[in-house]
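Everything on this sheet refers to the single structure shown next.
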Amino acid sequence: MGIGGSIFLIAIGAIIAFGVHVQMGWLDLAVVGWVLMLAGFVGLVLTLWFWNVRRRRVITHHPTTAAGNTVIADDYTDTPPERRY
């Protein structure tokens, strides 16, 4: 969903929950607004959590060659950190 979609759901849910006062038979629009805001908050928290877990680690090596030049190599890994329970 992403941060933008989550904020959009929160905004639309708040507009429907607090700004619209219409009765549509069996459908209560205030409840629909609260459900949209809850879905937006859950999506925002999950997005931020996944971004934090998927952060890349950079390992830098500084070996020297026979001529004395320094070679810099960066290794990027996409492996998530170990889980702690």
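Numbering of residues begins at 1 and proceeds along the displayed sequence.
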Side chain to side chain contact (heavy atoms under 4.5 Å, CB included) filter on L38, not counting sequence neighbours, yields V42

Would you mind writing out the side-chain donor-acceptor pairs for residues 9-16 within the sub-3.5 Å range, not counting sequence neighbours?
none

Applying side chain to side chain contact (heavy atoms under 4.5 Å, CB included), can you list everything that pairs with V35, at least two apart in sequence or on another chain? V31

Minimum heavy-atom separation for G40 to S6, with atom names? O-CB, 3.3 Å

Run the ring-ring contact (aromatic ring centres under 6.0 Å, His included) test against F8 and tell me which residues pass, sequence neighbours left out. none

Are L27 and L29 close enough that some pair of their side-chain heavy atoms sits under 4.5 Å apart? yes

Which residues share a side chain to side chain contact (heavy atoms under 4.5 Å, CB included) with V45, sequence neighbours left out: none

Inter- and intrachain pairs under ring pair (Phe, Tyr, Trp, His ring centres under 6.0 Å), touching residues 23-44, at least two apart: F18-W34

